[in-house]
Visitor: 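Below is a structure I'd like to ask you about.
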Amino acid sequence: MAMDYSEKVMEHFAHPHNVGVIEDADGVGEVGNAKCGDIMKMYLKIKDGIIEDVKFQTFGCASAIATSSMATDLIKGKPVEDALKLTNQAVVEALDGLPAVKVHCSVLAEQAIKAALADYYKRQGIENDISKCADCENGCCGHDHGAEEA
Ligand code: FES
């Protein structure tokens, strides 16, 4: 059955932004999606509390690619605090929606960004508890947080 994807999703899937690796990244996060087994790696370059550059790699589906592309666009050039507040719902909205069965894919991008920020703080010697799914505050999203532990 064909999925009903928005034009923005198709655009970001066909021409994803910010794909790649940052060799000298200040924070790297890798997460797996417990529901499908797909994985996502996120790299952040941070200077003076601003996300100067962000890149991602994924073995994920079209929705994971599109949401990562949009999520990285949304945090690039923004303060770390803003990136921490980014939710998968905000990314889905920016893409004009996702089919309901694909919403879990958008969690991968949010979680990878949070994991990369957690790594950034850890490298700075700052204790943090941010590698945690925002959705879980309203009932668990099904994400396997255990999979994020290095
Ligand atoms: Fe795995 Fe979409 S089905 S991320």
Side-chain angles (χ1 to χ4, degrees), residues 1-23 25-46 51-78 80-123 128-150:
M1 189 179 69
M3 287 277 179
D4 194 11
Y5 289 118
S6 73
E7 267 178 40
K8 277 194 192 163
V9 171
M10 291 309 292
E11 220 176 274
H12 278 267
F13 168 55
H15 307 286
H17 307 170
N18 310 309
V19 173
V21 176
I22 299 175
E23 296 293 351
D26 298 306
V28 179
E30 183 172 334
V31 294
N33 189 318
K35 291 197 178 172
C36 62
D38 289 344
I39 57 168
M40 170 87 58
K41 204 161 177 183
M42 192 71 67
Y43 304 82
L44 298 174
K45 190 82 199 143
I46 299 171
I51 298 175
E52 287 200 320
D53 201 9
V54 50
K55 296 232 183 291
F56 77 92
Q57 292 178 305
T58 187
F59 292 103
C61 68
S63 302
I65 293 169
T67 47
S68 305
S69 173
M70 178 56 90
T72 51
D73 274 357
L74 290 173
I75 64 166
K76 200 166 176 177
K78 299 275 166 51
V80 167
E81 292 74 28
D82 287 11
L84 276 172
K85 285 188 223 138
L86 184 77
T87 62
N88 71 306
Q89 289 94 336
V91 178
V92 171
E93 271 166 35
L95 285 167
D96 295 335
L98 273 179
V101 292
K102 298 306 251 171
V103 170
H104 75 269
C105 311
S106 64
V107 176
L108 208 54
E110 179 197 314
Q111 284 302 100
I113 289 171
K114 291 209 164 93
L117 287 168
D119 181 48
Y120 165 71
Y121 279 121
K122 205 168 124 197
R123 293 186 197 199
N128 70 84
D129 183 26
I130 57 180
S131 191
K132 180 172 164 290
C133 184
D135 281 1
C136 292
E137 282 156 25
N138 307 311
C140 189
C141 64
H143 184 86
D144 180 5
H145 299 295
E148 293 162 25
E149 312 288 356

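Counting starts at 1 for both ligands and their atoms, following the listed order.
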Visitor: So, does Asp119 use its side chain to make a donor-acceptor pair with the main chain of Val28 at under 3.5 Å?
Guide: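 Judged by distance alone, yes, a pair lies under 3.5 Å.
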Visitor: Taking C-beta and beyond as the side chain, do Phe13 and Ser69 meet within less than 4.5 Å on heavy atoms?
Guide: no
Visitor: Any Lys/Arg nitrogen of Glu81 or Lys85 sitting under 4.0 Å from an Asp/Glu carboxylate oxygen of the other?
Guide: no
Visitor: Below 4.0 Å from any atom of ligand 1, is there a heavy atom belonging to Lys102?
Guide: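 Yes.
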Visitor: Between Met40 and Thr58, is a side-chain contact (heavy atoms from CB on, under 4.5 Å) present by the stated rule, with each step listed?
Guide: CA-CA 4 Å; Met40 170 87 58; Thr58 187; 3.6 Å; yes
Visitor: For Leu95, does its backbone N or O pair with a side-chain atom of Ser6 as donor and acceptor, under 3.5 Å?
Guide: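 Side chain of Ser6 to backbone of Leu95, a donor-acceptor pair under 3.5 Å: yes, one is there.
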Visitor: Sorted by chain and residue number, which protein N/O/S atoms are under 2.8 Å from atom 1 (Fe) of ligand 1?
Guide: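 Cys36 SG, Asp38 OD2, with waters left out.
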Visitor: Check Leu44 against Ala116 and note the closest heavy-atom contact, atom names and distance.
Guide: CD1-CB, 3.6 Å
